[in-house]
Amino acid sequence: VNRILLPSTDLVCSVVGLGTWGLGGSNEIDGTSLGWPQAKTPHRIVETALQLGINFFDCSDFYGQGKSETLLGEVLNGVPNIIVTTKVGLLPRFRPGTRDLERDFSAAHIERALADSLLRLRRDKVDLLYLHGPGNDVLERRQTWRMLQQLKDAGLVRHIGVSLGRSESVGAALDRWLAMPLVSVVQLEYSLRFPSRARDVDLVDRHDKAIIARSVLNHGLLIRDPRAPRTIEECDHRRHKWKEESRGPLVSFVDAYKNTGASKRSKLEGAVRYVIDSANIAAAVVGVSTPDQLKSVVAACGAPPMSLDERAVIHGIAATAFRGD
Ligand SMILES: NC(=O)c1ccc[n+]([C@@H]2O[C@H](COP(=O)([O-])OP(=O)(O)OC[C@H]3O[C@@H](n4cnc5c(N)ncnc54)[C@H](OP(=O)(O)O)[C@@H]3O)[C@@H](O)[C@H]2O)c1
């Protein structure tokens, strides 16, 4: 896997990183799962990533409520030249009377949560600490930024990032996050599933910061056969997104992708290259449920780059199929 220097950092990372949300299994909160079916071989997936040359690992204290960090701590302990990132601020409980997760970006919480993450990760520092899904109000919270600077000064964190939700990762809001002096890296959802948002990211001024793409396979739904009958397990957060009524646009996309002959690439290769060949995207983090899936993703990274013409055609197909999203 190719490596790149992440803009505005000293981190040299593989262009594809291993996302570990799914490796923490089901994340049960008040009877709702915000996780994934338990992967059969999570340790082997992380080992396979290392064997394939992936040195970039994306984590959060939220994933499996600490389980994903513990897994990385077990497998990566003592491995040199790897980049371990985690996130802070998203809490495993809902705001009273809602299905919105609580968030805490107070200085006290960040300091305490990072200490717990370091214990689970078995590290004395993280390479990149993201705020996990901050609202735009956090841009103004001076105590949050003072604490992040303090953690950097203390050597507990090498770089600061923000992992943004949908409304924060477009237009003027995205521009404000990218312009924050302490923020080196912005992570956001970027995929063929949401082509208009991808276009928005393509046009933003990066301020020489690194933008990392996530959910590039739309949690795998872009790759599955949308016509195949399949029930999704109770513990799988995707079951709402896989309802009958939401399959129509996926069917249109798959048919147009195949029938127009616009691309000789598999859907997986097309989805991965659409993201990593974007001029504004530095790297992508991808989730997998088996080692073989990871091998296919890495193979897609080794495929020929997507030309601007091919990209325009595939983008057009996605924009038609997913119009309105
Ligand atoms: N707010 C945030 O900060 C945030 C939010 C979301 C994600 N993330 C990060 O981004 C990472 C990746 O995002 P994601 O997990 O949402 O979605 P993703 O990478 O778009 O999709 C992952 C799913 O795609 C399927 N897949 C992967 N490789 C495949 C292959 N070769 N062939 C067929 N299917 C394949 C698998 O589905 P099956 O399980 O069905 O096999 C896998 O679980 C997460 O692990 C996490 O680290 C961060």
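Counting starts at 1 for both ligands and their atoms, in listed order. In this chain, residues are counted from 1 in sequence order.
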**Message:** Check this for me: does any side-chain nitrogen of one of Glu233 and Arg239 sit under 4.0 Å from a carboxylate oxygen of the other?
**Reply:** no
**Prompt:** Could Arg227 and Asp255 be called an ion pair, given the rule that one side-chain N must be under 4.0 Å from one carboxylate O?
**Reply:** yes
**Asked** Do other residues, nucleotides or ligands put more than 12 heavy atoms under 6.0 Å from the CG atom of Asn77?
**Response** yes
**Prompt:** Which pairs with one or both residues in residues 132-160 pass salt bridge (charged side-chain N to carboxylate O under 4.0 Å, His left out), sequence neighbours excluded?
**Reply:** Asp10-Arg158, Asp127-Arg158, Glu140-Arg176
**Complete:** In terms of heavy-atom contacts, Thr41 and Pro291 come closest through OG1-CD, 3.6 Å
**Prompt:** Does CG in Leu308 sit with more than 12 non-hydrogen atoms of other residues, nucleotides or ligands closer than 6.0 Å?
**Reply:** no
**Message:** List the protein residues in contact with ligand 1, where contact means a heavy-atom separation under 4.0 angstrom.
**Reply:** Gly19, Thr20, Trp21, Trp36, Asp58, Tyr63, Lys87, His132, Ser163, Gln187, Arg214, Ser215, Val216, Leu217, Asn218, His219, Gly220, Ile223, Arg224, Arg238, Leu268, Val285, Val286, Gly287, Val288, Ser289, Gln293, Ser296, Val297
